[in-house]
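Each chain gets a letter, A, B and so on, in the order its sequence line appears, and its residues count up from 1.
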Amino acid sequence: MRFTNLFAPTAKEAPKDALLPSHIYLVRGGFVSQIGAGIYNFLPLGKIVLDKIRTIVKEELDKAGCQEVQLGFVTPTELWKESGRYAKFGKELLRFKDRKNNEFVLGPTHEEAMVDLVRNRLKSYKQLPLNLYQINTKFRDEARPRYGLLRGREFLMKDGYSFHEDEEDLKREYALMEQTYSRILERLGLDFRVVEADSGAIGGSGSRELMVLADNGEDDIIVCSGCDYAANIEAAKRQAVSVPDGDVEMQAGTFHTPDITTIEALSDFFKIDAYYFVKAVAKKAIYEEEEKIVLFFLRGSDELQEVKAQNTCGALELEDVSSEELEAAGMVVGFIGPHNQSVDCYFDDSLKKASSLICGANKKDYHDIGVSFENEEFDYHDITSVNAGDRCVACGSALEITKGIEVGHIFQLGTAYSEALGATFLDRNGKSKPLVMGTYGIGVSRLVAVMIEQHHDEKGCLWTDATTPFKFDIVISSIKDEEQVSFATSLYEQMQEENISVLLDDRNERFGFKMGDFELLGFPYAIIVGKGLKEGEVQLGHRATLEKETIHKDEIFEKIKGL
RNA sequence: CGGAGUGUAGCGCAGCCUGGUUAGCGCACCUGGUUUGGGACCAGGGGGUCGAAGGUUCGAAUCCUUUCACUCCGACCA
């Protein structure tokens with residue numbers, strides 16, 4: 001490709017709302033452009049990258065025995081009503097009507113459509129297992145699209161669905177998909193971790209996310225410094241926290257604590273580590289039919305993990321609750337204790353059989369001290385957030401916290417959808433059973449942005465060989481210099497004959513301008529044909545290091561072939 | 001969905017408060033010339049329903065009302 005023919009409108013300035021490197025450089029480099037909130041056009045360079053990633057995804061999936069299909073982007077509403085998600089999915093699901101007043105949705109994910117495709121067609125265990133996928137546009141009407149391609153409303157996703165006769169075979173496929181996804185990310189050159197994830201309200205026997213490590217990630221992930229354990233903070237586990245140094249002895253009793261309501265102030269007041277205090281966190285739990293106040297109790301040194309808390313009480317949603325609402329419910333804000341509560345209470349595992357505790361007395365300005373839970377039959381669960389420095393459940397090493405961007409999610413779905421939609425098969429005994437399903441997603445257009453989020457510098461993009469739109473950029477320093485033009489052009493033609501991916505920057509621009517574009521666009525190598533040519537020399541520029549090496553013009557082609 | 005903003009040329013912005021000739025600047029673009037190894041210079045030029053609708057006024061980018069779009073913080077996010 002000659003640059004003079006390429007539609008790649010580069011710009012010196014980024015749109016003012018582009019904050020992340022991926023957003024800034026992809027727009028400035030003319031890879032993508034925004035056309036609406038969370039909706040992006042892919043220009044030629046962006047389209048090449050997108051297709052390269054898509055191809056890698058397809059190659060690895062096909063190798064793993066998956067088959068590509070393509071489902072309608074527009075899906076009739078009936079299917080969504082059948083599965084029960086029509087009501088559940090909320091406003092994220094974009095609904096509309098056609099001229100005959102029939103209602104449709106733009107597919108945000110395709111469990112229903114895929115189950116519909118196979119039901120009554122997969123009839124026997126002999127046809128199983130089966131893994132079907134598509135790489136197709138998705139639409140989710142996000143309340144707040146942001147960060148360019150990272151959180152758009154319209155995006156390209158690979159979504160796959162597998163069908164099995166039993167859980168055991170599902171687990172085999174699940175492991176295979178983890179391997180396959182890992183291989184895809186390795187080929188792209190991304191630094192990632194597979195982490196344990198929250199399975200959410202759907203349940204199922206497990207789910208894992210593939211997280212690319214990046215400073216601007218939206219998810220907090222816990223990784224072990226000593227072993228492979230890694231988890232989304234929403235699902236992370238830890239060993240029991242060790243007791244702080246120093247003996248603590250206290251007589252049972254009630255203590256006057258005027259206006260001392262926070263754990264920090266109490267810890268100061270009693271000169272006792274926050275570990276010994278019982279913290280009460282009140283939330284409003286929203287259920288399908290009702291909403292009510294619930295209390296979560298944990299150690300003063302811990303924080304409530306909301307996703308765990310929500311799963312524990314089985315609520316659809318947890319909301320903050322105001323002091324007024326608490327008082328109306330008969331609670332003494334700042335002095336809430338675990339005893340004699342009329343609302344649902346949940347306790348963190350770390351309080352099981354605990355003693356030497358200080359907790360609210362349910363009475364203004366008083367705390368109970370020397371409290372023991374030794375003989376209490378409370379409802380214990382893991383509801384705390386894991387912190388950096390806590391010890392790993394697997395090996396005991398220190399856990400670290402880092403940021404990640406979710407690029408893939410694999411999920412053991414079970415039979416929820418096949419039951420709802422009546423997708424059954426006959427097993428070896430001739431018995432009718434619902435198909436056991438897995439679902440696997442990987443964000444293809446998100447990966448375009450993730451590549452840059454992880455690989456960029458202050459000048460622009462840094463594409464890996466597997467994703468770059470062009471591997472080589474031949475920069476002609478002066479287009480008026482016939483010797484430069486003729487050498488560069490013949491090198492370009494020679495490279496094209498060898499099917500080497502190359503862009504010829506034949507624009508009538510100054511040297512600095514072209515080099516700036518080379519750096520912004522992030523091709524791995526520049527071949528600089530300039531003033532050195534008189535001495536028979538050209539330069540090979542390395543984008544990653546910004547170094548240039550001088551090479552004799554007769555040797556450059558061999559050098560290129562070796563890269 | 002709550003809170004806060006912004007809409008003026010392809011991009012970034014000024015002008016608005018305090019209404020008054022042909023609405024300006026930088027970058028980008030076009031023509032000519034001089035330049036040519038790190039985003040050049042000189043001269044000339046093209047490009048705007050000032051987001052939209054309505055209103056006030058002799059006169060509206062500017063004041064008022066309505067509306068749409070986009071953005072930021074938060075909530076939300078298989």
Side-chain angles (χ1 to χ4, degrees), chain A residues 9-20 23-24 27-28 30 33-39 80 83-85 88-93 107-112 114 138 140-148 150-153 155 157 159-161 197-204 207 209 218-219 234 284 286 306-307 310 316-320 406 408-413 416-417 437-443 446 459-460 475-481 484 505 507-520 526 528-534 537-539 541 546 548 550:
Chain A
T10 58
K12 220 180 216 171
E13 290 176 280
K16 64 166 186 274
D17 41 65
L19 304 170
L20 300 190
H23 193 182
I24 292 169
V27 173
R28 277 191 53 207
S33 77
Q34 185 176 355
I35 188 172
I39 307 173
W80 285 75
S83 72
R85 283 164 110 194
K88 220 166 144 190
F89 219 88
K91 291 192 175 169
E92 222 174 293
L93 185 63
T109 171
H110 290 234
E111 280 80 8
E112 287 83 356
M114 198 64 92
K138 302 285 179 291
R140 291 181 196 176
D141 199 357
E142 294 274 355
R144 195 166 161 228
R146 59 183 127 181
Y147 305 137
L150 281 179
R151 181 166 292 282
R153 292 195 295 171
F155 54 96
M157 182 169 98
D159 51 322
Y161 307 85
D198 169 47
S199 295
I202 295 179
S207 87
E209 291 163 334
E218 288 190 86
D219 291 290
E234 296 172 352
K284 195 194 299 174
I286 315 288
E306 283 212 26
V307 174
Q310 185 179 326
L316 294 173
E317 219 175 296
L318 286 185
E319 284 182 2
D320 287 344
E406 179 189 348
H409 198 161
I410 58 175
F411 210 105
Q412 297 182 30
L413 256 190
Y417 289 89
M437 291 179 63
T439 179
Y440 321 92
I442 189 162
R446 176 177 279 185
K459 296 191 182 261
V475 176
I476 303 173
S477 176
S478 171
I479 206 75
K480 302 259 168 69
D481 182 326
Q484 289 180 20
D505 194 344
R507 295 175 298 172
N508 183 18
E509 295 290 351
R510 296 172 68 85
F511 179 73
F513 183 89
K514 292 186 181 184
M515 288 304 289
D517 270 1
F518 161 68
E519 285 152 359
L520 173 64
I528 302 161
V529 180
K531 62 184 182 186
L533 191 65
K534 285 190 185 64
E537 286 170 346
V538 296
Q539 283 179 309
L546 295 175
K548 292 176 204 162
T550 300

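- For A:Arg146 and B:C72, a side-chain-to-base donor-acceptor distance below 3.5 Å is absent, hydrogens and geometry of angles not being considered.
- In this structure A:Glu209 satisfies the salt bridge (charged side-chain N to carboxylate O under 4.0 Å, His left out) test with no other residue, sequence neighbours excluded.
- A residue-by-residue look at A:Val529 and A:Ala14 shows that A:Ala14 has its nearest nucleotide of RNA chain B further toward the 5' end.
- At whole-Å resolution of the value, CG in A:Asp141 and C1' in B:A69 are 15 Å apart.
- Nearest heavy atoms, A:Gln310 versus A:Leu318: N-CD1, 3.7 Å.
- Looking at residues two or more places apart in sequence or on another chain, you find a side chain to side chain contact (heavy atoms under 4.5 Å, CB included) between A:Leu533 and A:Glu483, A:Gln484, A:Phe487, A:Val529, A:Val538, A:Lys553.
- Using a 4.0 Å heavy-atom criterion, one finds that A:Lys548 contacts the bases of the nucleic acid, with or without backbone contacts as well.
- Nucleotides B:A23 and B:U62, compared at atom C1', are 11 Å apart to the nearest Å.
- Mapped onto RNA chain B by nearest heavy atom, A:Pro108 and A:Gly530 fall at different nucleotides, with A:Gly530 at the one closer to the 5' end.
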At a cut-off of 3.5 Å, list every protein nitrogen or oxygen paired with a nitrogen or oxygen from nucleotides 32-36 of chain B, distance to 0.1 Å.
from, atom 1, to, atom 2, distance (Å)
B:U35, O2, A:Arg510, NH1, 2.8
B:U35, O4, A:Lys480, NZ, 3.1
B:U36, O4, A:Lys480, NZ, 2.9

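- Base-pair partner of B:G44: B:C30 (Watson-Crick or G-U wobble, both distances under 3.5 Å).
- Of all nucleotides present, none satisfies the Watson-Crick or G-U wobble test against B:G59 with each distance under 3.5 Å.
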Any N/O pairs under 3.5 Å between the protein and nucleotides 1-9 of chain B? List them or say none.
none

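- Across B:G74 and B:U8, the matching P atoms stand 26 Å from one another, rounded to whole Å.
- For the side chain to side chain contact (heavy atoms under 4.5 Å, CB included) test, residues two or more places apart in sequence or in another chain that qualify with A:Lys459 are A:Asp457, A:Glu519, A:Arg543, A:Leu546.
- Residues passing the salt bridge (charged side-chain N to carboxylate O under 4.0 Å, His left out) test with A:Glu218 are A:Arg151, sequence neighbours excluded.
- Atom CG of A:Leu533 and atom P of B:G37 are 14 Å apart (whole Å).
- In this structure, A:Glu112 reaches neither bases nor backbone, as no heavy-atom distance under 4.0 Å exists between it and the strands shown.
- Residue contacts shown for A:Asp159 are absent, as no nucleic acid heavy atom lies under 4.0 Å away.
- Between B:C16 and B:C73, the two C1' atoms lie 27 Å apart (nearest whole Å).
- For A:Lys514 and B:G37, a side-chain-to-base donor-acceptor distance below 3.5 Å is absent, hydrogens and geometry of angles not being considered.
- B:A23: no Watson-Crick or G-U partner with both key distances under 3.5 Å is found in any strand.
- Close to B:U71, at under 4.0 Å from its OP1 or OP2, lies a side-chain N or O of A:Gln34.
- Straight-line distance from the CZ atom of A:Arg151 to the P atom of B:C72: 13 Å, rounded to whole Å.
- With rounding to whole Å, A:Leu150 atom CG is found 12 Å from B:C72 atom P.
- Scanning for side chain to side chain contact (heavy atoms under 4.5 Å, CB included) contacts around A:Pro145 gives A:Ala37, A:Glu142, A:Arg153, with sequence neighbours left out.
- As rounded to the nearest Å, B:G5 and B:A43 have C1' atoms that lie 42 Å from one another.
- Per the geometry, CZ belonging to A:Phe411 stands 14 Å off P belonging to B:C77, to the nearest Å.
- Listed here is the closest heavy atom pair of A:Met157 and A:Ile442: CG-O, 3.4 Å.
- Not a single donor-acceptor pair, N or O on each side, falls under 3.5 Å between the base of B:G37 and the side chain of A:Gln484.
- Nearest approach of A:Phe518 to A:Gly541, heavy atoms of both residues: CZ-O, 4.2 Å.
- Across B:U21 and B:C64, the matching C1' atoms stand 26 Å from one another, rounded to whole Å.
- In terms of heavy atoms, A:Thr109 sits closest to A:Tyr161 at OG1-OH, 3.6 Å.
- Applying the side-chain hydrogen bond (donor to acceptor under 3.5 Å, both in side chains) test to A:Ser477 and every residue at least two apart in sequence or in another chain returns nothing.
- For A:Glu509, the side chain to side chain contact (heavy atoms under 4.5 Å, CB included) partners two or more places apart in sequence, or in a different chain, are A:Arg507, A:Phe513, A:Lys514.
- Nearest heavy-atom pair across A:His409 and A:Ser207 is NE2-OG, 2.9 Å.
- In this structure, CZ of A:Phe518 is placed 18 Å from P of B:G37, rounded to the nearest angstrom.
- Across all strands shown, the partner of B:A52 is B:U66, judged by Watson-Crick or G-U wobble contacts whose two distances both fall under 3.5 Å.
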Can you tabulate the close N/O pairs, meaning under 3.5 Å, that link protein atoms to atoms of nucleotides 24-28 of chain B?
from, atom 1, to, atom 2, distance (Å)
B:G26, N2, A:Glu13, OE1, 3.2

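- Between the A:Arg28 side chain and the A:Lys12 main chain, a donor and an acceptor come within less than 3.5 Å of each other.
- A 3.5 Å limit on both hydrogen-bonding distances identifies B:U71 as the Watson-Crick or G-U partner of B:A4.
- Across the P atoms, B:C76 and B:G15 are found 39 Å apart, a figure rounded to whole Å.
- Taking the P atom of each, B:U56 and B:U49 are spaced 25 Å apart, rounded to whole Å.
- The CD atom of A:Glu218 sits 14 Å away from the C1' atom of B:C73 (whole-angstrom rounding).
- Partners of A:Glu112 under the salt bridge (charged side-chain N to carboxylate O under 4.0 Å, His left out) rule, at least two apart in sequence or in another chain, are A:Arg85.
- Partners of A:Glu306 according to the salt bridge (charged side-chain N to carboxylate O under 4.0 Å, His left out) rule, which considers only residues two or more places apart in sequence or in another chain, are A:Lys283.
- With P as the reference atom, B:A28 and B:A40 are 8 Å apart, rounded to whole Å.
- Distance, A:Asp505 CG to B:G39 P: 16 Å, rounded to whole Å.
- Pair assignment for B:U36 gives none, since no Watson-Crick or G-U wobble pairing has each distance under 3.5 Å.
- The partner of B:C77, taking Watson-Crick or G-U wobble pairs whose two distances both stay under 3.5 Å, does not exist in any strand shown.
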